[in-house]
Protein chains: 2
Amino acid sequence: MQGKSNENLRCDCSIVHQDIVERVQVKMPPEEMLYDLAELFKVFGDSTRIKIIWALFEEEMCVCDIAYLLNMTQSAISHQLRVLKQARLVKPRRDGKNIYYSLDDQHIEEIFNQGLNHINE
Amino acid sequence: MQGKSNENLRCDCSIVHQDIVERVQVKMPPEEMLYDLAELFKVFGDSTRIKIIWALFEEEMCVCDIAYLLNMTQSAISHQLRVLKQARLVKPRRDGKNIYYSLDDQHIEEIFNQGLNHINE
DNA sequence: ATATCAATTGAGCATCTATTCATATGTTCA
DNA sequence: TGAACATATGAATAGATGCTCAATTGATAT
């Protein structure tokens, strides 16, 4: 009988492979890092944002252009750009009345390509 | 005056950079592909699933072990494994009463590494 | 100043999601 | 066969999320 000694654990299994768990445990990155990673992927986990990013692979665009391209309201796009901006994935540049957005990260394209590799295999 | 000719568009801007939009438009991958990509990242966009995957980087584990490692109920883990299984990211192997899960994809680690590059820059 | 236009912002709402709880399935062993 | 255990599954629920609508901010030009 191993596991769940006196600690308040939520797993109710009676037998745990203690050796395996401990080996894995020491390899796990800090909680916060894994949380941040999930937050980043959450940003990628929406097709509107994916489309925006993909469009910006090509060249910078203003909010209005993106809304037109995706046939969505400018408000919806603006909300999504805020999410992308907070994740440091895009950056704005003002030019008169327009605000042009461009990609602010070099890793995105590689991440997307690997994602497509998974989908297409 | 460009844009929104007779089509039923949702963008209410009066001036759209038609040339830019058209150039980007032809470069955009098919809608379905972008949707699938978002679906994949959605799976990565949860810290519980991130933790499960990271644990499985090390070695295969049974449901019970994962629950113990992450201090969560076995039911919660099982639900999440189902999501990962449907996304073809993990695969099960039965051994007696236990079901051992392991990673079913080579691209995941690269995707995660690029994600961490973004976070740590 | 005032009108106009692009973009942002906040509230409201419908939808989705992760977990919990209870129950079912499937395997082993006596 | 039946008891014990590991896992899966379905319903219920609280919290998150993406869009809409209305109002606001900020810039330009007359």
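To find a chain, count down the sequence lines: A is the first, B the second, and so on, and within it residues start at 1. Keep in mind that what you see is a predicted model, and the values were worked out from it rather than measured.
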Protein-nucleotide distance (A:Asp46, atom CG; D:dA16, atom C1'), rounded to Å: 13 Å
B:Ile99 vs A:Met72, nearer the 5' end of DNA chain D by closest nucleotide: B:Ile99
Whole-Å gap separating C1' (C:dC16) and OH (B:Tyr35): 11 Å
Protein-nucleotide distance (A:Gln86, atom CD; D:dG18, atom C1'), rounded to Å: 14 Å
Nucleotide of C:dT17, C:dT19, D:dA27 approaching B:Ala76 most closely (side-chain heavy atoms): C:dT19
First of A:Thr48 and A:Arg94 reached from the 5' end of DNA chain D, by closest nucleotide: A:Thr48
Side-chain N,O (B:Arg49) to OP1/OP2 (C:dA18) below 4.0 Å: yes
Plane angle bin for A:Phe41 and B:Phe41 - parallel if under 30°, tilted between 30 and 60°, otherwise perpendicular: parallel
Under 5.5 Å and under 30°: A:His79 stacked on D:dC19: no
Sugar-phosphate only, base, or nothing, as touched by B:Tyr100 at under 4.0 Å among non-hydrogen atoms: nothing
N or O in side chain of A:Asn98 less than 4.0 angstrom from C:dA7 OP1/OP2: yes
Test side chain to side chain donor-acceptor pair (under 3.5 Å) applied to A:His107 and B:Glu121, step by step: CA-CA 10 Å; A:His107 311 296; B:Glu121 80 184 353; 3.0 Å; yes
A:Gln80 side-chain N/O to D:dC19 phosphate OP1/OP2 under 4.0 Å: yes
4.5 Å side-chain heavy-atom contact, B:Lys27 and A:Trp54: no
Under 4.0 angstrom between A:Ser78 side-chain N/O and C:dA7 OP1 or OP2: no
Distance in angstrom units between B:Ile50 CD1 and C:dA18 P, rounded: 12 Å
Any donor-acceptor N/O pair, B:Asp95 side chain to B:Asn98 backbone, under 3.5 Å: no
Base C:dT19 paired with B:Ser75 side chain (donor-acceptor, <3.5 Å): no
Which atom of B:Leu103 lies closest to which atom of B:Lys91, heavy atoms considered: O-NZ, 3.5 Å
Distance below 4.0 Å between B:Tyr68 side-chain N/O and D:dA6 OP1 or OP2: no
Under 4.0 angstrom between A:Tyr101 side-chain N/O and C:dA6 OP1 or OP2: no
Selected nucleotide, minimal atom distance to B:Val63 side chain, candidates C:dT27, D:dT17, D:dA8: D:dA8
A:Lys42 NZ to D:dG18 C1', straight-line distance once rounded to whole Å: 14 Å
Distance, rounded to the nearest Å, where A:Glu60 contributes CD and C:dA6 contributes C1': 15 Å
Atom pair distance, as rounded to whole Å: CE in A:Met61 and C1' in C:dA7: 16 Å
Between C1' of D:dT24 and CZ of A:Arg82, the distance in whole Å: 15 Å
Near-ring test A:Phe112/A:Phe57, centroid separation under 6.0 angstrom: yes
Distance-only donor-acceptor test, A:Gln74 side-chain atoms vs C:dA7 base atoms, 3.5 Å: yes
